[in-house]
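Below is one structure, written out as structure tokens, with a few remarks after it.
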Amino acid sequence: MAWTWTGKTVAALTLVAVLAGCGTATAVDTPEETAPRASARATLIGRVSLALDETYTAQYEWSEGGTVTVWAAADGTWRVDVPSWALGGTVDVTVAWTTGGFFQCAAGRCVRLAGITGEIPKEYDPKVQLPFVEWLPQLLDRHLPFAIGQDGDCFTLTPNTVVVDPPIPPGEWCLDEAGTILSVESAAFGTLQLVGAPAEAVATVELPGDLSDAEPLGHKAPVEPSPSVDPSATPSPGAGGTPSTAPSPSPTPSPEE
């Protein structure tokens with residue numbers, strides 16, 4: 001009996017072929033796309049944003065000697081205690097900003113340095129407070145003239161153009177993922193390294209002394225006055241108790257005629 005190809009037979013054979021082809025297909029894994037790594041600049045900006053919202057009391061070991069205490073109060077006021085800074089490194093000072101302005105405190109008295117919108121004069125500025133209250137917000141600027149490198153939690157700011165007066169000096173900043181400032185290194189003041197975990201912030205900063213009209217203290221040691229000679233003073237007595245007199249010059253012999 002001859003085999004007759006019908007439409008149903010062709011359709012059935014076609015279905016079998018398609019199914020057989022599906023059974024021998026090889027699955028190909030599609031590689032997952034890796035999320036692009038954030039740049040060092042973007043990572044630094046993210047951590048600085050968190051740091052600006054932090055309030056705390058923290059201590060930093062200072063490469064110049066002693067421990068610097070930073071008070072970032074809940075109401076936005078701040079205070080920085082600087083050891084052995086004034087008068088040639090012999091007096092501890094505090095610089096602070098309150099609703100009354102900028103103050104310098106030393107030896108139990110506080111002197112107003114500037115108004116609330118002013119700034120600390122250079123001769124009374126220890127500079128160690130600058131990373132916490134002035135330089136930190138400027139790190140949010142994406143156009144800072146620095147190349148930024150990252151190594152773990154530390155970010156190095158290296159000038160990438162010739163800038164006569166950059167807004168902040170180059171150096172190294174270390175901030176953890178929570179925005180805690182771990183250390184700051186700058187040629188302006190040395191290195192500050194966090195000691196232990198920061199403590200809870202105070203509600204507001206209190207000045208460590210009474211307000212005074214005295215002069216603020218500078219960094220340089222005071223100049224000792226040189227001894228002066230009173231021209232009206234009586235000459236010192238000689239051996240006999242009477243004022244000594246200078247010997248009269250010997251007479252010059254007259255030439256012989």
Side-chain angles (χ1 to χ4, degrees), residues 29-82 95-97 117 119-120 125-203 205:
D29 294 333
T30 302
E32 296 181 0
E33 294 185 1
T34 304
R37 181 182 177 183
S39 67
R41 186 182 298 272
T43 302
L44 175 61
I45 289 175
R47 298 190 182 188
V48 168
S49 299
L50 296 175
L52 288 172
D53 292 332
E54 290 291 309
T55 57
Y56 53 86
T57 301
Q59 292 186 322
Y60 289 84
E61 183 180 356
W62 190 19
S63 59
E64 300 301 305
T67 301
V68 172
T69 304
V70 181
W71 313 65
D75 65 351
T77 58
W78 57 263
R79 163 183 162 183
V80 178
D81 297 344
V82 187
V95 288
W97 181 84
T117 58
E119 60 182 16
I120 299 175
D125 189 357
K127 294 185 171 60
V128 293
Q129 81 285 353
L130 294 176
F132 306 94
V133 301
E134 185 173 324
W135 296 347
L136 189 65
Q138 298 189 54
L139 292 176
L140 295 177
D141 185 0
R142 294 182 178 272
H143 301 290
L144 278 178
F146 295 109
I148 299 179
Q150 180 180 359
D151 182 8
D153 289 330
C154 295
F155 302 84
T156 303
L157 277 62
T158 305
N160 57 8
T161 58
V162 178
V163 180
V164 177
D165 188 17
I168 63 176
E172 183 183 74
W173 293 69
C174 297
L175 301 91
D176 64 16
E177 295 181 355
T180 302
I181 299 176
L182 304 175
S183 67
V184 182
E185 180 182 352
S186 172
F189 57 79
T191 302
L192 296 171
Q193 181 76 41
L194 181 65
V195 179
E200 185 177 355
V202 296
V205 160

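All of these numbers come straight from a predicted model, not from anything done at the bench.
- At a threshold of 4.5 Å between non-hydrogen side-chain atoms, the residues L157 and I168 count as touching.
- In terms of heavy atoms, S183 sits closest to Q193 at CB-OE1, 3.5 Å.
- Considering CD1 of I120 and CG of L130, their distance stands at 7.5 Å, rounded to 0.5 Å.
- In this structure, K127 and A188 approach most closely via the heavy-atom pair CD-O, 3.8 Å.
- Counting only heavy atoms from C-beta outward, the side chains of F132 and L192 approach each other to under 4.5 Å.
- To the nearest 0.5 Å, atoms CG (L139) and CG (L175) are separated by 8.0 Å.
- Panel note: side chain W173, backbone P131; no donor-acceptor pair is recorded below 3.5 Å.
- Closest of all the heavy-atom pairs between F189 and P126 is CB-O, 4.4 Å.
- Scanning both residues, A201 and A72, for their nearest heavy atoms gives CB-O, 3.4 Å.
- The main-chain N or O of F146 is found under 3.5 Å from a side-chain atom of R41 such that the two form a donor-acceptor pair.
- Counting only heavy atoms from C-beta outward, the side chains of R142 and I45 approach each other to under 4.5 Å.
- Atom CD of E119 sits in a sparse spot, with 12 or fewer heavy atoms from other residues, nucleotides or ligands closer than 6.0 Å.
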Output, in order, the C-alpha distance, side-chain angles, deciding distance and verdict of side-chain contact (heavy atoms from CB on, under 4.5 Å) for I181 and V70. CA-CA 11 Å; I181 299 176; V70 181; over 6 Å; no
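- Q129 CD to R79 CZ: the interatomic distance, rounded to the nearest 0.5 Å, is 13.5 Å.
- From C174, atom SG reaches atom CZ of R47 across 10.0 Å, with rounding to the nearest 0.5 Å.
- For the pair T191 and E172, the minimum side-chain heavy-atom distance is 4.5 Å or more.
- Annotation: side chain of L140 is in contact with side chain of L52 (closest heavy-atom distance under 4.5 Å).
- The two atoms that bring S63 and G190 nearest to each other are OG-CA, 3.5 Å, heavy atoms only.
- With T55 contributing its side chain and A74 its backbone, the two residues share no donor-acceptor pair below 3.5 Å.
- Within the 4.5 Å cutoff, the side chain of Q150 has no heavy atoms near those of the I148 side chain.
- Within the 4.5 Å cutoff, side-chain heavy atoms of N160 are placed close to those of P145.
- With S39 contributing its side chain and A42 its backbone, the two residues share a donor-acceptor pair below 3.5 Å.
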Yes or no on side-chain contact (heavy atoms from CB on, under 4.5 Å) for L182 and D176, after CA distance, side-chain angles and deciding distance? CA-CA 7 Å; L182 304 175; D176 64 16; 4.2 Å; yes
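- Between W97 and V205, every side-chain heavy-atom pair lies at or beyond the 4.5 Å cut-off.
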Hey, mind stepping through V95 and W78 against side-chain contact (heavy atoms from CB on, under 4.5 Å) and telling me if it holds? CA-CA 9 Å; V95 288; W78 57 263; 4.2 Å; yes
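- Across every non-hydrogen atom of G149 and A40, the tightest pair is C-CB, 4.2 Å.
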